[in-house]
Q: 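Shown below is the structure under consideration.
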Amino acid sequence: MEELGVSVKDKIVIARYGGNFRGYKAKFAEAHGAAGLIIYTDPKDSGFTRGLVFPEGVYYNDSGIQRGSLLTADWTGDPLTPYEPALPRDHKDSPDRLDPGEAGLHTIPVTPISYGAAEHIFKHMKGEVVPQNWQGGLPYTYRLQGGTDLKVRLKVDQPKAFTKVHNIVGTLKGKTYPDEWIILGCHYDAWAFGATDPNSGTAMLLSLSETLGKLAKNGNRPDRSILIAHWDAEEHGVIGSSEWVEQFKDELKAKAVAYINLDAAVSGKNFGASSAPSLKTILADATKQVDYPYTDETVYEHWSRENDEPKIGNLGGGSDHIAFYMHAGVPSLSGGASGPTLYHTNYDDFFFYENFVDPEFQMGPTVEAVMGTLSLRLANATLLPYDVVKYATDLEMHFDNAEEQVRSFYADFAGFKTSTSVISSLNATANLVAKALEERIESQKISKKKAKQLNAMLLDLEKSFLDPEGMPYGDWYKSLYASSDPFSGYASWILPGLQYQIETQNKDDLSEWDERYAKAITNLNQKLEAILEEL
């Protein structure tokens with residue numbers, strides 16, 4: 001707007017959903033002096049221009065309103081207790097809390113509306129015409145300003161108060177290694193009915209709890225403990241799970257084998273997942289054991305389509321894996337079946353689910369079978385089945401990508417030579433370790449004591465990426481490997497220390513970051529060499 005010569009100072013801004021996290025729309029509007037902000041979903045993005053609207057179809061109708069958190073703190077979790085668990089205020093170890101004015105909460109009034117309501121604003125606007133790619137789907141020429149006669153009254157009555165939230169974590173104790181944990185989780189709070197987000201995941205985990213319970217009663221208790229968690233206050237800034245991780249961080253670093261996130265696990269029929277490198281292979285293998293309900297394929301075959309193997313994405317922001325993976329260094333994945341969504345509206349209800357998401361109610365059991373198979377394989381393997389080679393191959397790919405991005409603004413860049421040299425060594429070591437692990441397992445000559453020792457060493461691999469200094473945009477984010485995008489809030493940043501330099505086009509600190517990454521990769525390589533010696 002500034003580039004177009006338009007000031008928003010003392011004005012009410014109306015902004016379209018999409019492009020970046022809604023909280024940044026509020027943050028930027030306030031920073032530029034806006035008096036208030038209205039956010040709406042444009043029909044060009046989800047509405048009648050895309051297809052049939054609810055209840056006939058899956059797109060927003062003219063009364064659909066997307067709710068959502070606006071929190072933009074430099075950390076994830078309770079905005080008043082950065083780095084500390086938000087224990088109840090009457091708890092003896094309750095931390096000192098920030099004043100709400102220090103916590104990144106917006107101070108201007110902000111509200112979401114429907115595009116039906118937005119239409120009543122647009123039709124009265126009399127300013128200059130917007131750039132062509134700003135034109136949305138309403139039957140009006142979109143304008144930059146309202147004009148001298150248009151006034152909009154915006155009132156938001158939302159008092160601030162302390163509210164207790166509750167996590168529910170159930171444990172099926174392992175019979176052999178009870179202090180090694182596989183954790184599955186989904187939040188249970190929703191903006192409205194939440195049939196897909198989150199309750200499709202919540203219901204699936206409840207069903208999996210029953211299944212695992214029956215197995216245990218029949219004498220098939222897993223070797224490692226399986227924890228199933230239902231998180232509160234995810235929708236208000238991923239609070240419940242982040243506070244739990246902060247409270248039990250030291251234990252998690254020593255005990256957590258993996259965190260598996262099932263937020264909105266069923267919103268359609270297309271299976272997909274994002275994962276830490278070390279869990280990609282075992283996840284793919286689990287899908288080979290489960291039939292896809294609507295074809296004569298396995299989930300793996302349906303997921304792969306015509307490719308040799310399925311595409312597994314990288315974890316970003318927006319859900320309960322953040323603290324586990326990006327703050328505590330626990331290998332994590334997020335998966336489920338995707339499809340249509342009436343995201344964060346009142347229409348994400350049972351009617352929508354049974355008519356548009358999964359009318360035959362087959363995908364919930366399918367996702368349960370995949371995640372149950374995955375969990376039991378992680379729980380019962382003699383040695384933790386991490387894919388150690390993926391660390392090297394994925395790092396190589398991501399560094400190649402980072403170098404290409406740097407050269408787009410710094411043509412003379414010589415490359416991240418220190419890091420890529422260490423990755424080459426890591427690749428050789430990782431392949432030796434993978435072969436030695438396979439041979440040791442096939443020999444079946446592993447004592448319980450030796451297995452426990454090796455598993456402790458395997459558990460420590462992911463921690464190599466934890467950097468005490470953290471990221472330049474927020475030192476709560478400790479992982480050098482992955483982070484949520486601090487500019488969009490949701491996207492995945494791989495090698496986030498480098499990505500921040502790329503996004504800000506800062507060529508001065510590239511060599512420093514090359515050294516920091518090389519140090520972490522060297523640490524990982526040394527840990528793998530130590531495992532090789534023990535094998």
Side-chain angles (χ1 to χ4, degrees), residues 167-186 188 201-230 244 248 251-252 254-262 265-266 278-279 281-293 298-300 324 330-333 335-336 361-387 437-438 440-459:
N167 295 324
I168 299 95
V169 183
T171 301
L172 176 60
K173 194 170 183 180
K175 64 184 180 185
T176 310
Y177 308 108
D179 287 337
E180 294 175 11
W181 301 347
I182 290 87
I183 308 165
L184 299 96
C186 175
Y188 68 91
T202 310
M204 186 275 293
L205 279 181
L206 289 171
S207 181
L208 180 59
S209 300
E210 293 178 348
T211 303
L212 294 172
K214 289 175 184 175
L215 285 170
K217 286 179 181 177
N218 291 332
N220 294 309
R221 182 175 290 274
D223 287 335
R224 295 182 179 85
S225 296
I226 297 177
L227 283 65
I228 293 186
H230 297 282
W244 193 80
F248 299 107
E251 274 192 272
L252 288 165
K255 299 177 180 180
V257 172
Y259 175 69
I260 301 167
N261 197 49
L262 285 312
V266 184
S278 56
L279 298 178
T281 298
I282 189 172
L283 168 64
D285 286 347
T287 63
K288 294 176 182 178
Q289 305 304 312
V290 179
D291 292 333
Y292 184 75
T298 63
V299 172
Y300 181 90
F324 286 95
V330 176
S332 300
L333 68 85
F361 289 88
Q362 294 297 307
M363 290 311 298
T366 300
V367 173
E368 178 194 350
V370 169
M371 297 306 166
T373 301
L374 171 64
S375 301
L376 288 170
R377 287 186 171 194
L378 286 167
N380 293 325
T382 304
L383 297 177
L384 295 176
Y386 293 149
D387 187 337
L437 284 168
E438 187 178 352
R440 191 66 183 264
I441 291 167
E442 287 176 355
S443 73
Q444 297 183 335
K445 294 178 180 177
I446 308 174
S447 67
K448 181 180 175 182
K449 182 180 178 181
K450 174 58 75 173
K452 192 167 184 179
Q453 178 193 7
L454 287 167
N455 286 329
M457 298 172 80
L458 287 162
L459 269 176

Q: To the nearest 0.5 Å, how far apart are OH in Tyr188 and OG1 in Thr202?
A: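 Nearest 0.5 Å value for the OH-OG1 distance: 10.0 Å.
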Q: For a 4.5 angstrom cut-off between non-hydrogen side-chain atoms, does Asn261 reach Ser332?
A: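 Side chain of Asn261 against side chain of Ser332, heavy atoms only: no contact under 4.5 Å found.
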Q: Any side-chain heavy atom of Glu251 within less than 4.5 Å of one from Trp181?
A: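 Touching, per the 4.5 Å side-chain cut-off.
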Q: From Leu208 CG over to Ile226 CD1, what is the distance, rounded to the nearest 0.5 angstrom?
A: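 Taking CG in Leu208 and CD1 in Ile226, the distance rounds to 7.5 Å.
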Q: Output, in order, the C-alpha distance, side-chain angles, deciding distance and verdict of side chain to side chain contact (heavy atoms under 4.5 Å, CB included) for Thr211 and Lys214.
A: CA-CA 5 Å; Thr211 303; Lys214 289 175 184 175; 5.9 Å; no
Q: Side chain to side chain contact (heavy atoms under 4.5 Å, CB included) for Ile183 and Leu252? Distances and angles first, verdict last.
A: CA-CA 10 Å; Ile183 308 165; Leu252 288 165; 3.6 Å; yes
Q: So which of Leu437, Asn455, Val257 actually passes side-chain contact (heavy atoms from CB on, under 4.5 Å) with Tyr386?
A: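 Of Leu437, Asn455, Val257, side-chain contact (heavy atoms from CB on, under 4.5 Å) with Tyr386 is met by Val257 alone.
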Q: For residues Leu206 and His230, determine if any side-chain heavy atom of one lies less than 4.5 Å from a side-chain heavy atom of the other.
A: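 Leu206 reaches His230 side chain to side chain.
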Q: Can you tell me how far apart CG (Leu227) and OG1 (Thr171) are? Round to the nearest 0.5 Å.
A: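 So the CG of Leu227 and the OG1 of Thr171 are separated by 3.5 Å.
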Q: Taking the inter-plane angle between the rings of Phe324 and Tyr259 on a 0 to 90° scale, is it parallel (under 30°), tilted (30 to 60°) or perpendicular (over 60°)?
A: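 Plane angle under 30°, so parallel.
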Q: Output yes when a side-chain donor or acceptor of Asp223 lies under 3.5 Å from a complementary backbone atom of Ala379, and no otherwise.
A: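 Absent.
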Q: State which residue, out of Leu212, Leu376, Leu215, fulfils the side-chain contact (heavy atoms from CB on, under 4.5 Å) condition with Asn220.
A: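 The single option meeting the side-chain contact (heavy atoms from CB on, under 4.5 Å) with Asn220 is Leu215.
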Q: What's the verdict on side chain to side chain contact (heavy atoms under 4.5 Å, CB included) for Arg377 and Leu374, showing C-alpha distance, side-chain angles and the deciding distance?
A: CA-CA 5 Å; Arg377 287 186 171 194; Leu374 171 64; 5.8 Å; no
Q: Donor-acceptor pair, distance only, cut-off 3.5 Å: does the side chain of Ser225 make one with the backbone of Asp179?
A: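 No, the answer is negative, given that no donor and acceptor are paired below the 3.5 Å cut-off.
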Q: Return yes if some donor-acceptor pair links the side-chain N/O of Arg221 with the main-chain N/O of Gly174 below 3.5 Å, else return no.
A: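 Flag not set: sc Arg221 to bb Gly174 has no pair under 3.5 Å.
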Q: Does Thr366 offer a backbone N or O that forms a donor-acceptor pair with the side chain of Asp291 under 3.5 Å?
A: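 Not at all, since once roles are kept as given, no pair shorter than 3.5 Å links the two residues.
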Q: Do the non-hydrogen side-chain atoms of Leu262 and Met204 ever get within less than 4.5 Å of each other?
A: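 Leu262 reaches Met204 side chain to side chain.
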Q: Verify the neighbour count for atom NZ of Lys173: are there more than 12 heavy atoms of other residues, nucleotides or ligands below 6.0 Å?
A: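 Counting other residues, nucleotides and ligands, NZ of Lys173 stays at 12 neighbours or fewer.
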Q: Between Tyr292 and Thr287, is a side chain to side chain contact (heavy atoms under 4.5 Å, CB included) present by the stated rule, with each step listed?
A: CA-CA 9 Å; Tyr292 184 75; Thr287 63; over 6 Å; no
Q: Do Ser207 and Glu368 have side-chain atoms, one donor and one acceptor, less than 3.5 Å apart?
A: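 Distance-only check passes for Ser207 and Glu368.
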Q: Whether the side chain of Arg224 engages the backbone of Ser375 through a donor-acceptor N/O pair (distance < 3.5 Å, no angle test) should be reported.
A: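 Checking the backbone N and O of Ser375 against the side chain of Arg224, no donor-acceptor pair under 3.5 Å is found.
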